[in-house]
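Atom set for the values below is all heavy atoms of this structure, side chains included, hydrogens, waters and symmetry mates excluded.
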Amino acid sequence: MSLVQLSHTRDMLPLAALAADNAAAQRWRPGLAPALHNEIFGSADEASGAGLALALACDALAKQARQAKSDPLALSDDNRSILWVQDRAAIRLNGRPYRAGLPEGMRDRVIHVAAQTPEDALFALEEGLRCRDLAFVIGEIADNPRALDFTASRRLSLAAERHGAPLWLVRLDARPDLSSARMRWQVRSHPSSPPRWNRTAPGASAWQAELFRARSHPPGQWILRNDNGRLVADRHGSANDEAEHFSAPPHHGDLARPTVGRSLAAL
C-alpha cells in the first residue's frame with residue numbers, strides 16, 4: 001500500500017467510526033427510558049408543547065410501572081406529586097394547566113407554580129428537581145429570556161441527573177439556542193383521527209414531533225398520538241420511504257377515554 005493510500009485510509013477511519021456509531025444508535029420510540037433533561041419547542045398559538053410534554057412524562061411513568069411489576073422490590077404505584085412551573089409570559093400566552101383535562105390519576109397531584117419572571121421560574125424548576133418527592137417536573141417559559149442561558153441550562157441538567165427527576169421544559173415561541181438538554185423536540189399539532197362512534201366529535205390528541213437533537217438517538221420525525229392513555233408513534237422518513245409504525249392499532253374513539261394534554265386553558 002502506498003503512502004497516499006495509507007493516508008487516505010487513516011482519514012476515512014474516523015468517518016467510518018462515526019457512521020458505525022450512528023447506525024448502532026437506537027431510534028427513539030415510546031416506552032424507552034427518557035432523558036432527564038428535555039426541551040420542547042412549540043408555538044404559543046396552540047398547547048402542543050405542554051400536551052406533548054405531559055404525554056412523554058406519562059409514557060415515562062408507564063415504563064416505570066412496567067418495570068415495577070417485574071421487580072418485586074420496586075414500588076408498584078408512583079403517587080408522588082408533579083411540579084408544573086410557568087412564568088408570567090407563558091401563562092399569558094398559553095393559559096394555566098386545566099386540571100380537569102389532565103389524566104384522572106394526576107388531577108390531585110399537580111403543584112402549580114406561577115412565577116413572575118423567567119429567573120423565578122428557573123429557580124423553582126431547579127429546586128423542584130432536587131426534591132425526590134416529585135415524580136417529574138414540567139416547565140413553560142416563553143421566548144428566549146436572557147436568564148435561560150447555557151449556564152442555567154447546565155444547572156438544570158446537573159440537578160435532574162444528580163437527583164433522578166426528569167424535566168420537560170416547554171419553550172414557547174422560542175428559537176433553539178445553546179442548551180445542555182439531552183433531548184430537544186420541535187412540535188406542532190396534528191389532525192386527530194376521527195372517533196369511530198361519532199365522526200364529528202373531537203379525536204384523540206396528536207402531534208407532529210421532530211427530535212432534532214439527542215445524546216442517545218438519531219434525529220427523526222414522528223406522528224405521536226394518545227391511544228386510550230398510551231403514547232403511540234408513526235415514524236415517517238423521506239418522501240420515498242414507507243411509514244414505520246410503532247406500537248398500536250388506529251384509534252377507535254371510545255365513548256369515554258382518558259385524555260393526555262391540555263384540552264382547555266383557563267387564563
Side-chain angles (χ1 to χ4, degrees), residues 25 28 32-44 47-61 81-94 97 110-188 207 209-222 224:
W28 179 88
L32 294 179
L36 291 177
H37 183 190
N38 309 266
E39 283 188 338
I40 301 174
F41 292 83
S43 171
S48 57
L52 180 60
L54 184 59
L56 292 171
C58 290
D59 184 64
L61 291 182
S81 297
I82 298 156
L83 180 64
W84 198 311
V85 180
Q86 295 176 293
D87 68 355
R88 181 172 55 185
I91 295 175
R92 176 176 56 83
L93 291 170
N94 222 16
V110 174
I111 301 172
H112 180 252
V113 174
Q116 290 296 313
T117 65
E119 291 85 352
D120 292 340
L122 291 169
F123 174 80
L125 290 171
E126 186 174 346
E127 290 300 307
L129 293 173
R130 299 175 186 274
C131 179
R132 298 186 182 274
D133 290 330
L134 294 176
F136 59 85
V137 177
I138 291 179
E140 293 183 71
I141 295 179
D143 205 2
N144 293 84
R146 180 179 297 181
L148 186 49
D149 56 10
F150 183 78
T151 300
S153 177
R154 182 62 177 163
R155 289 177 64 94
L156 293 177
S157 295
L158 291 175
E161 292 171 356
R162 181 174 300 168
H163 301 281
L167 165 67
W168 283 270
L169 179 58
V170 181
R171 308 285 303 277
L172 298 172
D173 289 343
R175 66 182 183 278
D177 48 9
L178 193 62
S179 171
S180 67
R182 305 317 190 208
M183 295 182 71
R184 307 185 84 188
W185 296 86
Q186 187 80 43
V187 63
R188 63 177 182 268
W207 306 272
E210 177 188 1
L211 179 63
F212 64 89
R213 181 184 182 276
R215 291 283 184 92
S216 304
H217 310 287
Q221 296 185 19
W222 294 266
L224 304 176

Review point. How long is the gap from CG on L158 to CG on L36, to the nearest 0.5 Å?
Key: 11.5 Å
Exercise for review: Taking all heavy atoms of L129 and all of V137, pick out the closest pair and write down the distance.
Suggested key: CD2-CG2, 3.9 Å
Practice item. Apply the side chain to side chain contact (heavy atoms under 4.5 Å, CB included) test between L211 and each candidate in R184, Q221, M183; give the one that qualifies. Key: M183
Practice item. To the nearest 0.5 angstrom, please state how far the CG atom of D177 sits from the OG atom of S153. Key: 8.0 Å
Exercise for review: First locate atom NE2 of H112, then atom CD1 of I91, and finally report the distance between them rounded to the nearest 0.5 Å.
Suggested key: 4.5 Å
Exercise for review: Step by step, work out the side chain to side chain contact (heavy atoms under 4.5 Å, CB included) result for I141 and L122.
Suggested key: CA-CA 9 Å; I141 295 179; L122 291 169; 3.8 Å; yes
Practice item. Determine, stepwise, if the pair H37 / E161 fulfils side chain to side chain contact (heavy atoms under 4.5 Å, CB included). Key: CA-CA 8 Å; H37 183 190; E161 292 171 356; 5.6 Å; no
Review point. Any side-chain heavy atom of S43 within less than 4.5 Å of one from D173?
Key: yes
Review point. Do V170 and N94 pass the side chain to side chain contact (heavy atoms under 4.5 Å, CB included) test, and can you show the C-alpha distance, the side-chain angles, and the key distance before you say yes or no?
Key: CA-CA 11 Å; V170 181; N94 222 16; 5.9 Å; no
Check your understanding: Quick one: are the ring centres of W185 and W207 less than 6.0 Å apart?
Key -> no
Point to revise | Least distance between heavy atoms, A90 atom then E140 atom | key: CB-O, 3.5 Å
Revision key, fill the gap. Closest heavy-atom pair, A209 versus L224, reported as atoms and distance to 0.1 Å, is CB-CD1, 3.8 Å
Check your understanding: Got a second to check how far L52's CG is from R188's CZ, nearest 0.5 Å?
Key -> 13.0 Å
Review point. Side chain to side chain contact (heavy atoms under 4.5 Å, CB included) with E39: which of S179, P176, S180?
Key: S179
Review point. Would you call D149 and R155 a salt bridge, using N to O less than 4.0 angstrom?
Key: no
Check your understanding: Does the side chain of L56 come within less than 4.5 Å of I40's, by heavy atoms?
Key -> yes
**Study point:** Any P34 side-chain heavy atom under 4.5 Å of F136 side chain
**Key:** no
Practice item. Can you measure from CZ (F212) to CZ (F41) and round to the nearest 0.5 angstrom? Key: 5.0 Å
**Study point:** Sub-4.5 Å side-chain heavy-atom contact between R215 and R213
**Key:** yes
Exercise for review: Applying side chain to side chain contact (heavy atoms under 4.5 Å, CB included) between L167 and each of V85, I138, L125, report the one that passes.
Suggested key: L125
Review point. Is there side-chain contact between S157 and R182, with at least one heavy-atom pair below 4.5 Å?
Key: yes
Practice item. Walk me through it: do R171 and N144 pass the test side chain to side chain contact (heavy atoms under 4.5 Å, CB included)? Key: CA-CA 8 Å; R171 308 285 303 277; N144 293 84; 3.3 Å; yes
Review point. Do the non-hydrogen side-chain atoms of I111 and L83 ever get within less than 4.5 Å of each other?
Key: yes
Review point. Around R88, counting heavy atoms of other residues, nucleotides and ligands shown, do more than 12 lie under 6.0 Å from its CZ?
Key: no
Review point. So do the side chains of P118 and L148 get within less than 4.5 Å of each other, counting heavy atoms only?
Key: no
